[in-house]
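Below is one structure; the comments refer to it alone.
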Amino acid sequence: MRLRNVKGSRETIAANPLVIRDITEKKGQWHEVFGNSKPLYIEIGMGKGQFILEMARRNPDKNFIGIEKYSSVLVRALEKCETFEGDNLRFIRMDAEEITDVFAEHEVDGIYLNFSDPWPKDRHAKRRLTYRDYWRRYNEILKPEGEVVFKTDNRPLFDFSLEEVQASGWELTHVTYDLHHSPAVEGNVMTEYEAKFSALGNPIHRLIARR
């Protein structure tokens, strides 16, 4: 995926107090960052932040961290937060491969994966956020009762993900191939991509998995 560089994005990110630096030093201590012991939820590959921001607004009793690899994307999420008055949202710029270096064992209550890059070529399968190596990482940082929620409009990626969940020894507690036309849509928070693809008539697929 080719991304347009946003001039000054790194400087903007560095100056924003919602973006956490020295992240490996926070491992096992994220409750201190928020100043409370509320449940912690993370979105990996959050894009422009619409989902994680709305989740934080709706759920002040929970803490949220949005994780994004690209500065040019993260800076757009920060722009959306200019009118956010809550104190339960933070951001990290990092690669998803590093999550076990940043979060301690059983430190995270839930993980959201929304419209992740499908990496359609077979040789790139290991880069997909639902590849089995990632399920091992999720298993390490999630609490025993924690869940991973994955949404996409990409059917081949969704089918691949279902197989990887089961091959990794996880339990599928929810599967739908058309979220917006199912009872499970109640309370659903849409991402930017979800709103776009749904408006085009693309069915949205969702799975929820736990260990």
Side-chain angles (χ1 to χ4, degrees), residues 1-7 9 12-13 18 41-60 62 64-86 88-93 96 110-121 124-125 127-131 134 138 147-165 172-209:
M1 178 174 61
R2 186 174 182 178
L3 298 173
R4 180 180 298 176
N5 182 52
V6 176
K7 187 176 181 179
S9 60
T12 299
I13 290 169
L18 293 181
Y41 293 80
I42 65 176
E43 182 184 10
I44 302 176
M46 63 165 195
K48 297 179 181 178
Q50 178 172 300
F51 174 86
I52 197 78
L53 177 57
E54 184 60 23
M55 289 295 289
R57 282 175 173 156
R58 293 190 187 188
N59 301 277
K62 300 174 182 177
F64 295 89
I65 296 177
I67 297 171
E68 177 54 50
K69 179 179 180 180
Y70 300 103
S71 298
S72 57
V73 180
L74 174 55
V75 74
R76 298 308 186 200
L78 296 177
E79 291 172 356
K80 286 186 171 69
C81 292
E82 291 177 357
T83 59
F84 179 63
E85 298 180 352
N88 62 332
L89 178 62
R90 299 291 188 275
F91 298 96
I92 299 173
R93 188 180 72 81
I111 298 173
Y112 297 102
L113 308 173
N114 292 312
F115 296 83
S116 308
D117 192 329
W119 292 103
K121 295 182 180 180
H124 293 153
R127 300 183 184 182
R128 299 168 189 161
L129 293 181
T130 52
Y131 180 68
Y134 280 101
Y138 305 152
E147 295 180 331
V148 175
V149 182
F150 171 60
K151 289 194 292 187
T152 183
D153 73 318
N154 187 300
R155 179 62 181 269
L157 176 61
F158 191 68
D159 290 340
F160 167 86
S161 302
L162 291 173
E163 293 176 358
E164 292 296 290
V165 167
L172 288 163
T173 61
H174 163 83
V175 176
T176 178
Y177 289 89
D178 194 356
L179 174 61
H180 290 190
H181 293 92
S182 76
V185 73
E186 184 176 355
N188 177 59
V189 174
M190 288 202 290
T191 73
E192 291 92 345
Y193 279 128
E194 185 173 356
K196 174 183 177 180
F197 295 142
S198 181
L200 294 173
N202 296 3
I204 306 302
H205 318 311
R206 187 178 76 173
L207 69 81
I208 300 176

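Remember, it's a predicted structure, so these values are computed and weren't measured experimentally.
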Shortest non-hydrogen contact between [X] and [Y], atoms and distance:
{"X": "K80", "Y": "R57", "value": "O-NH2, 4.3 Å"}
{"X": "M55", "Y": "F64", "value": "O-CE1, 3.5 Å"}
{"X": "L129", "Y": "Y138", "value": "O-OH, 2.7 Å"}
{"X": "I52", "Y": "I65", "value": "CD1-O, 4.0 Å"}
{"X": "C81", "Y": "L89", "value": "SG-CD2, 3.9 Å"}
{"X": "H174", "Y": "A184", "value": "CE1-CB, 3.5 Å"}

Nearest-0.5 Å distance, [atom1] of residue [X] to [atom2] of residue [Y]:
{"X": "R206", "Y": "T152", "atom1": "CZ", "atom2": "OG1", "answer": "13.5 Å"}
{"X": "T12", "Y": "R76", "atom1": "OG1", "atom2": "CZ", "answer": "9.5 Å"}
{"X": "L162", "Y": "L157", "atom1": "CG", "atom2": "CG", "answer": "9.5 Å"}
{"X": "I204", "Y": "M190", "atom1": "CD1", "atom2": "CE", "answer": "8.5 Å"}
{"X": "I13", "Y": "R93", "atom1": "CD1", "atom2": "CZ", "answer": "6.5 Å"}
{"X": "T191", "Y": "F51", "atom1": "OG1", "atom2": "CZ", "answer": "8.5 Å"}

Quick one: do the [X] and [Y] side chains pair a donor with an acceptor below 3.5 Å?
{"X": "T130", "Y": "S161", "answer": "yes"}
{"X": "N188", "Y": "K151", "answer": "yes"}
{"X": "E194", "Y": "H180", "answer": "yes"}

Could you tell me whether a side-chain N or O of [X] sits under 3.5 Å from a main-chain N or O of [Y], the two making a donor and an acceptor?
{"X": "R128", "Y": "W119", "result": "yes"}
{"X": "S116", "Y": "L113", "result": "no"}
{"X": "E147", "Y": "I111", "result": "no"}
{"X": "N59", "Y": "K62", "result": "no"}
{"X": "D153", "Y": "P203", "result": "no"}

| request: Just say parallel, tilted or perpendicular for the rings of F115 and Y193, cut-offs at 30° and 60°. | output: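 Rings of F115 and Y193: tilted, as their planes differ by 30° to 60°.
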| task | Assign the ring pair F158 / F150 to parallel, tilted or perpendicular, where the plane angle (0 to 90°) is split at 30° and 60°. | result |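 Ring orientation, 0 to 90° scale: parallel.
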| field | Pairwise side-chain contact, F91 with E68, heavy-atom cut-off 4.5 Å (strictly under) | value |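 Result no, sub-4.5 Å side-chain heavy-atom pair not found.
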| said: Taking ring pair (Phe, Tyr, Trp, His ring centres under 6.0 Å) as the definition, give me every residue that meets it alongside Y134, ordered by chain and number, with sequence neighbours left out. | reply: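 Applying ring pair (Phe, Tyr, Trp, His ring centres under 6.0 Å) to Y134 gives none.
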| query | Take atom NE2 in H124; do more than 12 heavy atoms of anything else shown fall under 6.0 Å from it? | reply |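 Above 12, so yes.
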Considering only distance and modelled atom types, tabulate donor-acceptor pairs under 3.5 Å from the side chains of residues 41-49, sequence neighbours left out.
from, atom 1, to, atom 2, distance (Å)
E43, OE2, N114, ND2, 2.9

| message | Quick one, R58 with E54, criterion salt bridge (Lys or Arg N to Asp or Glu O under 4.0 Å). Give me CA distance, side-chain angles, the key distance, then yes/no. | response | CA-CA 6 Å; R58 293 190 187 188; E54 184 60 23; 3.0 Å; yes
| message | Checking side chain to side chain contact (heavy atoms under 4.5 Å, CB included) between S9 and each of L74, V73, V75, which is the one that passes? | response |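 Answer after filtering L74, V73, V75: V75.
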